[in-house]
Amino acid sequence: WSTANTFEWTPSVAANYSVQVWLRSIGSAAAYDGWGGFGPYGVTSPSALAVTSLTADRTSPVPAGTPVTWTALARGGIGPYTYRFWVNDGSTWTLGQDWSASSSWRWIPPAAGSYRFQVWVRNVGSASTFDEWLPAGPVTVGAPAPGDT
């Protein structure tokens, strides 16, 4: 029993649910003095998380030292999502941006070469390594633009 007139509940599985509220007056010893029923309410499972794109705001080739903003788009699952970005220089994967609510990451190419990228995405509250991911690239990085050396 509580004096609160609200109740929050998160269903654990998809199903049809009905809810009842029982009321009783302060000091009443009755099991209840009144009640109301609601439902059934259908609860469905969310669609699976999908990363639909990972795109750069510049086209390849990119001059070294020129900022590139990568943006991921995701749908389904349970938001808000968190994102983690990775970059590979041909031999090593390096963390570009650790878990964040930001679906964009600004990368500054350090040197000429060929680079690949990944974005990892998690549903809200997920402790998984990732719930979904998407690769991008390769992106060719050339010499710095004149005047940037």
Side-chain angles (χ1 to χ4, degrees), residues 1-111 113-141:
W1 294 103
S2 170
T3 58
N5 64 352
T6 60
F7 171 72
E8 185 175 310
W9 170 66
T10 303
S12 58
V13 297
N16 287 320
Y17 295 93
S18 294
V19 178
Q20 285 187 353
V21 60
W22 292 10
L23 305 150
R24 68 178 177 191
S25 301
I26 293 176
S28 174
Y32 57 88
D33 295 329
W35 69 277
F38 310 92
Y41 294 102
V43 175
T44 59
S45 296
S47 60
L49 175 62
V51 183
T52 58
S53 69
L54 176 57
T55 56
D57 67 344
R58 298 185 180 272
T59 58
S60 184
V62 176
T66 302
V68 178
T69 299
W70 287 92
T71 302
L73 293 176
R75 63 176 170 76
I78 304 169
Y81 314 120
T82 51
Y83 302 83
R84 186 183 234 184
F85 291 87
W86 295 91
V87 58
N88 180 280
D89 62 5
S91 62
T92 304
W93 284 99
T94 303
L95 182 62
Q97 175 181 290
D98 207 355
W99 291 112
S100 164
S102 177
S103 63
S104 294
W105 163 59
R106 186 173 180 246
W107 173 63
I108 300 175
S114 181
Y115 295 83
R116 294 187 180 276
F117 302 86
Q118 289 184 2
V119 62
W120 295 2
V121 184
R122 293 193 299 203
N123 291 296
V124 68
S126 175
S128 298
T129 301
F130 58 85
D131 293 325
E132 189 59 58
W133 69 282
L134 189 68
V139 170
T140 301
V141 174

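Position 1 is the first residue of the sequence, and the numbers go up from there. What you see below is based on every heavy atom in this structure, not just the backbone, and it leaves out hydrogens, waters and symmetry mates.
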**Report entry** Trp133 vs Val119 side-chain heavy atoms within contact, under 4.5 Å
**Finding:** no

Report task. Of all the heavy-atom pairs spanning Ala31 and Trp1, show the shortest one and how long it is. Result -> O-CZ2, 3.1 Å

Query raised in the report: What distance separates Tyr115 OH from Ser60 OG, expressed to the nearest 0.5 Å?
Result: 11.5 Å

Requested in this report: Output yes when a side-chain donor or acceptor of Asn123 lies under 3.5 Å from a complementary backbone atom of Ser126, and no otherwise.
Outcome: no

Query raised in the report: Among side-chain atoms of Ser91 and Asp89, is any donor-acceptor pair under 3.5 angstrom?
Result: yes

Requested in this report: Walk me through it: do Val87 and Trp70 pass the test side chain to side chain contact (heavy atoms under 4.5 Å, CB included)?
Outcome: CA-CA 11 Å; Val87 58; Trp70 287 92; over 6 Å; no

Requested in this report: Please answer whether the main-chain N or O of Pro67 pairs with a side-chain N or O of Arg106 as donor and acceptor at a distance below 3.5 Å.
Outcome: no

Query raised in the report: Measuring from Gln97:CD to Thr82:OG1, what's the distance to the nearest 0.5 Å?
Result: 10.5 Å

Query raised in the report: Looking only at atom types and distance, does a side-chain atom of Ser53 sit under 3.5 Å from a main-chain N or O of Thr55, one as donor and one as acceptor?
Result: no

Query raised in the report: Can you find a pair of side-chain heavy atoms, one from Arg122 and one from Trp99, that are under 4.5 Å apart?
Result: yes

Query raised in the report: Quick one: does Arg75's side chain have a donor or acceptor within less than 3.5 Å of a partner on Val51's backbone?
Result: no

Requested in this report: Please report the closest heavy-atom contact between Arg116 and Pro138, naming both atoms and the distance.
Outcome: NH1-CD, 3.4 Å

Requested in this report: Verify the distance criterion only: is there a donor paired with an acceptor across the side chains of Thr71 and Ser104 at less than 3.5 Å?
Outcome: yes

Query - Phe85 vs Trp107, ring pair (Phe, Tyr, Trp, His ring centres under 6.0 Å): CA-CA, chis, key distance, verdict - result: CA-CA 10 Å; Phe85 291 87; Trp107 173 63; over 10 Å; no

Report summary line: Between Val62 and Pro109 the two heavy atoms that sit nearest each other are CG1-CG, 4.1 Å

Report task. Quick one: pull up CG in Leu134 and CG in Leu54 and give me the separation to the nearest 0.5 Å. Result -> 6.0 Å

Report summary line: Nearest heavy-atom contact between Ser18 and Gly39 is OG-C, 4.1 Å

Report summary line: dist Arg58:CZ -> Thr66:OG1 (nearest 0.5 Å) comes out at 6.0 Å

Report task. For the pair Asp57 (side chain) and Thr69 (backbone), establish whether a donor and an acceptor sit closer than 3.5 Å, ignoring hydrogens and angles. Result -> yes

**Report entry** Evaluation steps, side chain to side chain contact (heavy atoms under 4.5 Å, CB included), between Val124 and Tyr81
**Finding:** CA-CA 5 Å; Val124 68; Tyr81 314 120; over 6 Å; no

Requested in this report: Can you see which heavy atom on Trp105 is nearest to which on Gly96, and at what distance?
Outcome: NE1-O, 3.1 Å

**Report entry** Separation between CG of Asp98 and CH2 of Trp86, rounded to the nearest 0.5 Å
**Finding:** 7.5 Å

Query raised in the report: Is there a donor-acceptor pair closer than 3.5 Å between any side-chain N or O of Asp33 and the backbone N or O of Ser25?
Result: yes

**Report entry** Side-chain touch Tyr17/Val43, heavy atoms, less than 4.5 angstrom
**Finding:** yes

Query raised in the report: Is the Trp120-Tyr83 ring centre distance short of 6.0 angstrom?
Result: no

**Report entry** Nearest-0.5 Å distance that lies between atom CZ in Arg24 and atom OH in Tyr32
**Finding:** 12.5 Å

Report task. Please report the shortest heavy-atom distance between Ala4 and Ser2, naming the atom on each side. Result -> N-OG, 2.9 Å

